[in-house]
Number of protein chains: 2
Amino acid sequence: MEDRKSVAPPHPAHDVTEHVGYRLKRAAAALRGAMDKALRQHGLTVPQYACLELLDEQPGLSNAELARGAFVTRQSMNVVLRGLQDAELISRPATTDHGRALPAHLTAQGRSRLDAARSAVYAIEQQMIEAVPQRRLGALLDDLDGMAAALGG
Amino acid sequence: MEDRKSVAPPHPAHDVTEHVGYRLKRAAAALRGAMDKALRQHGLTVPQYACLELLDEQPGLSNAELARGAFVTRQSMNVVLRGLQDAELISRPATTDHGRALPAHLTAQGRSRLDAARSAVYAIEQQMIEAVPQRRLGALLDDLDGMAAALGG
DNA sequence: TCTCCTATGTCAAAATCCTGACATGGAAGA
DNA sequence: TCTTCCATGTCAGGATTTTGACATAGGAGA
């Protein structure tokens, strides 16, 4: 069933909806939509949640580091951080004695908010995982990483 | 075949960067960035290119249909269509005798622009395809579709 | 030491996208 | 027929994101 690639045509499909990029975009859009909907009930946006999750695992990350981790620009993450600061979900020192990066940390309020939102997000992730045969899950993750790396992600 | 749910750890990884959603987001972000960069040299944005590609395969699509195909809202696609109309890359009748949907079509100029941009985009897609073992490509596409479907995409 | 280079934080402006809303056209069912 | 419902196109407003730019802090090398 998999011998068709033996010829390796540069463009295996004539329909754009058959292309890898299109499928990837569709899956990502579906995930984004589901997360958007789920997180709204917790008063968080997707970038905000991503930021909290990153800070929970790696406390003290700077604005630029968070931006790279969430795949947005420094400027966008800066706006996100301000929103989270205004909501008292994270804390950031106004100055630092060494360097320029300001390390951010979760507040107690931020941690509880994250815990609440996490269950909703993990349920979505579980739906995704159940949609792919278990034996293929590892390969799927590897392939996603490989594609990202091939494109300089 | 689906007996894995008997054990089914709810959260297989303790690191967010190990989650399916994170990998998917990263791959999609890498693709978006690569396409953005490539298409800029052709004077097109990603939604504009997606719109042209859809219209090349299915001439006469309406604004709402294009929006669904490109995973954006009707309003966003409306803006895209106006830009493409101003650039003379597509044409749309001002009125219609039946219904309300206005069918869009590529102009000759739009088709040549699409042809030029397509080679750049296909090169990116080729890079992605080469990053995954050939025998896994079909399964990858199926899994992406499965995940999108599971999330209501 | 001094100079270059990179990284970071931030500001300003524009572009993009979405939410909410409204009016219209068509189809389905009472 | 008529009434209800759904899909479409469009407008207005705001939120989000990006591009471009600038100043500063620290490290590497001459």
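Throughout, a chain's letter reflects where its sequence line sits, starting with A, and its residues are numbered from 1. Values below: every heavy atom of this structure, side chains too, minus hydrogens, waters and symmetry copies.
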query = L102(B) and L61(B): same hydrophobic cluster, using ILVMFWY side-chain contacts below 4.5 Å?
reply = no

request  = Grab the CG-P distance between L61(A) and dA7(C) for me, whole Å please.
outcome  = 17 Å

remark   = To the nearest angstrom, the CG-C1' distance between L102(A) and dT10(C) comes to 11 Å

query = What string of B, S and - do you get for nucleotides 11-27 of chain D 5' to 3' if you count protein non-hydrogen atoms under 4.0 Å?
reply = B----SSBBBB-BBSS-

query = Taking five pairs at each end of the helix from dT1(C)-dA30(D) to dA30(C)-dT1(D), what angle separates the two helix axes (nearest 10°)?
reply = 30°

request  = Sequence neighbours left out, what passes side chain to side chain contact (heavy atoms under 4.5 Å, CB included) with E125(A)? Give chain and number order.
outcome  = I129(A), H19(B), V20(B)

inquiry  = The criterion is side chain to side chain contact (heavy atoms under 4.5 Å, CB included); which residues satisfy it with P59(A), sequence neighbours excluded?
reply    = H105(A)

message = List the residues meeting side-chain hydrogen bond (donor to acceptor under 3.5 Å, both in side chains) with D145(B), not counting sequence neighbours, and say none if there are none.
response = R23(A), R26(A)

ask   = In whole angstroms, how far is the P atom of dT10(C) from the CD atom of Q85(A)?
value = 9 Å

request  = Using only side-chain N and O atoms of R92(B), determine if any of them is under 4.0 Å from OP1 or OP2 of dT8(D).
outcome  = no

Using a cutoff of under 3.5 Å, can you pull out all pairs of nitrogen or oxygen atoms linking the protein to nucleotides 2-4 of chain D, with atom names and distances?
none

inquiry  = My understanding is that only residues two or more places apart in sequence, or in another chain, count here; which of them pass side chain to side chain contact (heavy atoms under 4.5 Å, CB included) with A101(A)?
reply    = S62(A)

query = Starting at CZ of R68(B) and ending at P of dC6(D), how long is that distance when rounded to a whole Å?
reply = 15 Å

ask   = Does the side chain to side chain donor-acceptor pair (under 3.5 Å) test come out yes or no for Y49(A) and E53(A), once each step is laid out?
value = CA-CA 6 Å; Y49(A) 167 78; E53(A) 194 74 62; 2.5 Å; yes

request  = Return the value, rounded to whole Å, for the distance between atom CG of L81(B) and atom P of dT8(D).
outcome  = 14 Å

ask   = For R40(A), what residues pass the side-chain hydrogen bond (donor to acceptor under 3.5 Å, both in side chains) criterion, not counting sequence neighbours?
value = none

remark   = With sequence neighbours left out, the residues meeting side chain to side chain contact (heavy atoms under 4.5 Å, CB included) with A38(A) are A120(A), I124(A)

key: Under the side-chain hydrogen bond (donor to acceptor under 3.5 Å, both in side chains) test, residues paired with D56(A) that sit two or more places apart   = R111(A), R118(A)

task = Sequence neighbours left out, what pairs pass side-chain hydrogen bond (donor to acceptor under 3.5 Å, both in side chains) with at least one residue falling in residues 85-98 of chain B?
result = none

key: Within residues 72-83 of chain A or reaching into it, pairs that qualify as side-chain hydrogen bond (donor to acceptor under 3.5 Å, both in side chains) - sequence neighbours excluded   = T73(A)-S76(A)

